[in-house]
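Here is the structure we will look at.
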There are 2 protein chains.
Amino acid sequence: MPTAKRQKKPHRRETIIEAASALFARNGYDGTSMRDIAAESGILAGSLYYYFASKEEMFAAVHEQAINRLCTGTIQAIKPAADPWTRLQQASEGYLTTMLSSATQSSLIITEFPLRRSGKLRAKLVTDRRRFEAIFSEIVDALPLAPDVDRSYWRLALLGMLAWTHVWYDNKGDSPNQVAQQLVDLLKERTATP
Amino acid sequence: MPTAKRQKKPHRRETIIEAASALFARNGYDGTSMRDIAAESGILAGSLYYYFASKEEMFAAVHEQAINRLCTGTIQAIKPAADPWTRLQQASEGYLTTMLSSATQSSLIITEFPLRRSGKLRAKLVTDRRRFEAIFSEIVDALPLAPDVDRSYWRLALLGMLAWTHVWYDNKGDSPNQVAQQLVDLLKERTATP
DNA sequence: TGATCTTTCAAACATTCGTAAGAATTCATG
DNA sequence: CATGAATTCTTACGAATGTTTGAAAGATCA
């Protein structure tokens with residue numbers, strides 16, 4: 001009967017999501033087959049459908065988790081700061097660290113745009129993305145910018161700079177934190193209503 | 001014998017590239033089948049292989065043309081300017097106009113990253129991209145920036161801001177020129193060695 | 001016209017893909 | 001152990017993919 005369900009095997013579904021994340025991030029959605037994911041999960045392709053109704057639904061779960069990690073990675077980095085500029089700096093560092101550290105797969109939210117998809121999936125991906133961007137909206141709104149600065153453009157410029165790092169970032173160069181420092185500094189001059 | 005070859009039918013191959021550009025830009029590389037391209041070209045799938053040895057080689061040709069358009073679109077916009085900042089402003093406008101005007105397909109150089117590909121194709125895509133980025137390298141190098149500014153980061157920040165527009169740009173809002181103006185202005189403050 | 005080269009077609013190929021259906025297995029619990 | 005539910009395997013289907021091949025059609029020019 002309806003007793004407690006989740007206790008012993010939180011394993012499989014998360015294992016699958018983990019494997020799928022890595023593969024989607026490396027090879028893209030179309031470049032990853034259900035058989036690939038199954039093999040990486042130590043399972044057979046058909047068995048995936050016990051946990052996910054379709055490949056799209058699975059990707060939705062993967063995407064949601066990637067966004068969640070990015071959100072928490074970003075938010076956690078802000079912790080003990082009151083100064084708006086410091087908050088921005090730390091958030092950017094958290095973002096880039098989560099995104100660029102090769103161990104993670106959050107980069108798939110950059111390469112797998114919702115743009116081309118359609119229907120319910122697209123709507124979900126857009127919603128996820130909004131949830132992340134809201135973090136930066138709040139931070140940017142709190143910045144003491146000059147009154148003639150358009151905060152929407154300011155935010156989009158920053159997010160663009162940060163997102164684009166995954167195209168050129170090289171592990172052998174500066175650390176994610178250093179990159180974030182450099183990039184934020186470039187926008188910092190247009191500062192407090194002086 | 002080896003007489004002049006190219007005179008009457010420069011049509012087909014370019015028609016195919018045009019059709020493929022549009023489809024690749026809209027649906028991505030994997031989302032576009034050779035049959036799709038053939039149908040859009042008014043031809044049968046097999047006939048494509050008279051002009052291109054493989055899908056990858058065809059994409060290479062498409063990518064090269066997209067880069068070429070972006071390059072000329074960017075360079076042409078610079079024409080009558082001597083002031084470095086004006087040059088940058090105009091180049092950015094040319095870039096965004098070429099990229100964002102819905103009639104064009106240059107946006108595929110943003111969505112179809114070389115990152116995931118491999119081998120000869122990847123090398124070619126990277127080379128193409130470098131060719132475009134060189135335009136901005138030159139312009140940025142000519143800017144009278146403060147001596148403590150890292151021009152590499154500055155350039156990458158700008159290119160990131162510009163490239164990212166294709167994620168959020170909406171035809172109903174500001175024009176590509178206005179967007180370029182806004183974005184460049186955000187970086188402009190760190191300006192001439194004062 | 002006939003010969004030769006270019007271009008296109010028609011049809012198929014071998015794979016791979018997402019997914020379905022049902023049997024087989026594992027597992028917790030009475 | 002016996003029962004029923006949860007999980008996995010096996011097998012396969014139908015569709016779509018990139019590509020090949022050899023013949024047909026079109027063009028070019030002696």
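Letters A, B, ... are given to chains in the order of the sequence lines, protein chains preceding strands, and every chain is numbered from 1.
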When you check the side-chain N and O atoms of A/E93 and A/Q89, is any donor under 3.5 Å from an acceptor? yes
Within the structure, does a side-chain N or O atom of A/Y50 lie under 4.0 Å from either OP1 or OP2 of D/dT7? yes
note: A/L44, atom CG; D/dC9, atom C1'; distance rounded to Å ~ 6 Å
Rounded to whole Å, the CD1-P distance (B/I43 to C/dA10) equals 12 Å
Kindly write out the residues that satisfy ring pair (Phe, Tyr, Trp, His ring centres under 6.0 Å) with B/F52, not counting sequence neighbours, or none if the list is empty. none
Polar-atom pairs under 3.5 Å, protein N or O versus N or O of nucleotides 22-24 of chain C: list them with distances, or write none.
none

Could you tell me whether the phosphate oxygens of C/dT8, OP1 or OP2, come under 4.0 Å of any side-chain nitrogen or oxygen in B/R12? yes
Is the phosphate of C/dT8 approached by B/Y51 (side-chain N or O, under 4.0 Å from OP1 or OP2)? yes
Protein and nucleotides 16-20 of chain C: nitrogen or oxygen contacts under 3.5 angstrom:
{"from": "C/dG18", "atom 1": "OP1", "to": "A/T32", "atom 2": "O", "distance (Å)": "3.4"}
{"from": "C/dG18", "atom 1": "OP1", "to": "A/K55", "atom 2": "NZ", "distance (Å)": "2.5"}
{"from": "C/dG18", "atom 1": "OP2", "to": "A/M34", "atom 2": "N", "distance (Å)": "2.8"}
{"from": "C/dG18", "atom 1": "N7", "to": "A/R35", "atom 2": "NH1", "distance (Å)": "2.9"}
{"from": "C/dG18", "atom 1": "O6", "to": "A/R35", "atom 2": "NH2", "distance (Å)": "2.9"}
{"from": "C/dT19", "atom 1": "OP2", "to": "A/Y49", "atom 2": "OH", "distance (Å)": "2.7"}
{"from": "C/dT19", "atom 1": "OP2", "to": "A/K55", "atom 2": "N", "distance (Å)": "2.8"}
{"from": "C/dT19", "atom 1": "O5'", "to": "A/Y49", "atom 2": "OH", "distance (Å)": "3.2"}

Using a strict cut-off of less than 4.0 Å between a Lys/Arg side-chain nitrogen and an Asp/Glu carboxylate oxygen, indicate whether A/K120 and A/E56 qualify as a salt bridge. no
Please list all pairs passing the side chain to side chain donor-acceptor pair (under 3.5 Å) test where one or both residues lie in residues 44-54 of chain A, with sequence neighbours left out. none
Only pairs under 3.5 Å count here: list side-chain donor-acceptor contacts from residues 57-65 of chain B, not counting sequence neighbours, and write none if there are none.
{"from": "B/E57", "atom 1": "OE2", "to": "B/A53", "atom 2": "N", "distance (Å)": "3.2"}
{"from": "B/H63", "atom 1": "ND1", "to": "B/D128", "atom 2": "OD2", "distance (Å)": "3.1"}
{"from": "B/E64", "atom 1": "OE1", "to": "B/K124", "atom 2": "NZ", "distance (Å)": "2.7"}

Quick check with a 6.0 Å cut-off and a 45 degree axis cone: is B/R122 positioned over the face of B/F113's six-membered ring? no
Side-chain atoms of residues 133-145 of chain B: list all donor-acceptor pairs with protein atoms under 3.5 Å, sequence neighbours left out, distances to 0.1 Å.
{"from": "B/S137", "atom 1": "OG", "to": "B/E133", "atom 2": "O", "distance (Å)": "3.3"}
{"from": "B/S137", "atom 1": "OG", "to": "B/R155", "atom 2": "NE", "distance (Å)": "3.3"}

Considering every strand and a 4.0 Å limit on heavy-atom distances, what is the contact class for B/F52: base, sugar-phosphate, or nothing? nothing
Do A/L186 and B/D150 have side chains that get closer than 4.5 Å, going by heavy atoms? no
Quick one: B/L48 CG to D/dT17 C1', roughly how many Å, whole number? 13 Å
